[in-house]
Undergrad: 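Have a look at this one before I ask anything.
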Amino acid sequence: MIDLRSDTVTKPSEAMREAAASAEVGDDVYGEDPTVNELEARTAEILDKEAALYVPSGTMGNQIAVRAHTERGQEVLLETECHTYKWELGGIAQHSGVQARTIDGGPRGVVDPEQVHAGHVEADGHRAGTGLLVLENTHNARGGTAIAPEQIDAAAEAAHDSDVPVHLDGARLFNAATALDVPASRIAREVDSVMCCLSKGLGAPVGSMLAGSTEFVERARRVRKLMGGGMRQAGIVAAPGLLALDNRERLHEDHRRARELAAGIDDIDGFGAREPETNIVLVETDEPAATVLDALEEQGVAGVAFGEKTIRFCTHWDVDDAAIETAIERVSRV
Ligand SMILES: *Cc1c(COP(=O)(O)O)cnc(C)c1O
């Protein structure tokens, strides 16, 4: 099976397993796990933020950020197709008691400053007010679009004009940085908090990072505990996470393979794929996505339905050049 469902399906490398086995550990809830501390310090440095927090998943990272930034009842501005709004079980309502006001970011999921101004609600005797703006980069559901730092800056500035903080869901921040050829820290420069996943294209078995000011991370640490995300000898999983940070350099290979996959599939009757910006390929199908996916599975290719007639394929380090070629061949049989 050529598994193109997600870049989360990667298995940890031998080096990661060895790092896990030999990791120095302590009780991280007491702040005493040296490996976790190193991972947090190194992430803060890479993202040029004061501090960072290791969390079990990207979802928890986003949910902690929303809770740490907002008060109950407030409105949160989010892009219509963003993960925090659409794919986290309504968590922002469940965990933080906030309500969503969505912004349509168009085909690339880019939130304009004018939209932020228009969506902003001032708190008064009747209205709870806007408590947070959430941005996403790369934008998953919009096809892994890599949004330019200037566009992130502009939206963030619009929120800051009204004293509204900004959280960036950078589950694939390093894919965006690779595609745009800028440091990840540049993309996150104007946002108050940023989450990035170690367990996607970087290949760690588990874990995500949430970074921001020292004061924000202190609050986030308390929320993590509240949500049950305080882990004890977490150095066992943080050690592969440190190696994952070194995998940033190889993401461009996933992007090249995604372009090759898209071009190959686009040439096949009944399929359409626009050129991907990163490692996510959205394919439009003439037949319903579910039907096509069933047929693909029989041929030995797996993807996920991302709409009635849209399939998402994701490249990652367990998919090499030969696998891409075979995948295209198998799609053509379908
Ligand atoms: C995968 C993903 C998440 C959630 O990460 P998990 O570790 O799967 O919880 C959040 N945001 C985006 C954009 C993602 O793609």
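What you see below is based on every heavy atom in this structure, not just the backbone, and it leaves out hydrogens, waters and symmetry mates. Since we're looking at a predicted model, the values are computed, not measured. Start at 1 and go down the list; that is how both ligands and their atoms are numbered.
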Undergrad: Need the ligand 1 atom indices (1-based, order shown) with element for anything under 4.0 Å from a heavy-atom of Ser57.
TA: 7 (O), 9 (O)
Undergrad: Under a 4.0 angstrom heavy-atom cut-off, which atoms of ligand 1 come close to Asp169?
TA: 10 (C), 11 (N), 12 (C), 13 (C)
Undergrad: State plainly whether one hydrophobic cluster holds both Val110 and Ile152, where clusters connect Ile, Leu, Val, Met, Phe, Trp and Tyr through side-chain heavy atoms under 4.5 angstrom apart.
TA: yes
Undergrad: Less than 3.5 Å between some nitrogen or oxygen of Glu88 and one of ligand 1, yes or no?
TA: no
Undergrad: Please work out whether any backbone atom (N, CA, C, O) or any side-chain heavy atom from C-beta onward of Asn62 is under 4.0 Å from ligand 1, and answer side chain, backbone, both or neither.
TA: side chain
Undergrad: Hey, can you tell me if Trp87 and Phe306 have their rings parallel, tilted or perpendicular (30° and 60° cut-offs)?
TA: parallel
Undergrad: Given that the side chain starts at C-beta and the backbone is N, CA, C, O, which of these parts of His139 lies under 4.0 Å from ligand 1, counting heavy atoms, or is it both or neither?
TA: neither
Undergrad: Which of these, Lys225, Arg232, Arg224, sits in a salt bridge (charged side-chain N to carboxylate O under 4.0 Å, His left out) with Asp28?
TA: Arg224
Undergrad: Report the nearest protein non-hydrogen atom to atom 10 (C) of ligand 1: residue, atom name, distance rounded to 0.1 Å.
TA: His83 ND1, 3.2 Å
Undergrad: For Glu88 and Asn62, which I'm curious about, is there any donor-acceptor pair between the side chains at under 3.5 Å?
TA: yes
Undergrad: Would you say Leu245 ends up clustered with Met195 if hydrophobic residues are merged whenever their side chains have heavy atoms under 4.5 Å apart, either directly or through other cluster members?
TA: no
Undergrad: For atom 14 (C) of ligand 1, which protein heavy atom lies nearest, and how many Å away is it?
TA: Lys200 NZ, 2.7 Å
Undergrad: Do Glu50 and Ser213 have a side chain donor and acceptor closer than 3.5 Å?
TA: no
Undergrad: Considering only protein heavy atoms, which is closest to atom 9 (O) of ligand 1, and at what distance to one decimal place?
TA: Thr59 OG1, 2.6 Å
Undergrad: Would you mind listing which atoms of ligand 1 come within a distance below 4.0 Å of any non-hydrogen atom of Gly58?
TA: 4 (C), 5 (O), 6 (P), 7 (O), 9 (O)
Undergrad: Is the shortest distance from a heavy atom of Arg172 to ligand 1 less than 4.0 Å?
TA: yes
Undergrad: Would you say the side-chain atoms of Thr178 and His252 include a donor-acceptor pair closer than 3.5 Å?
TA: no
Undergrad: Show the atoms of ligand 1 that are less than 4.0 angstrom away from any heavy atom in Glu136.
TA: 13 (C)
Undergrad: What closest approach, in Å, do Ala155 and Val111 show between heavy atoms, and which atom pair accounts for it?
TA: CB-O, 3.6 Å
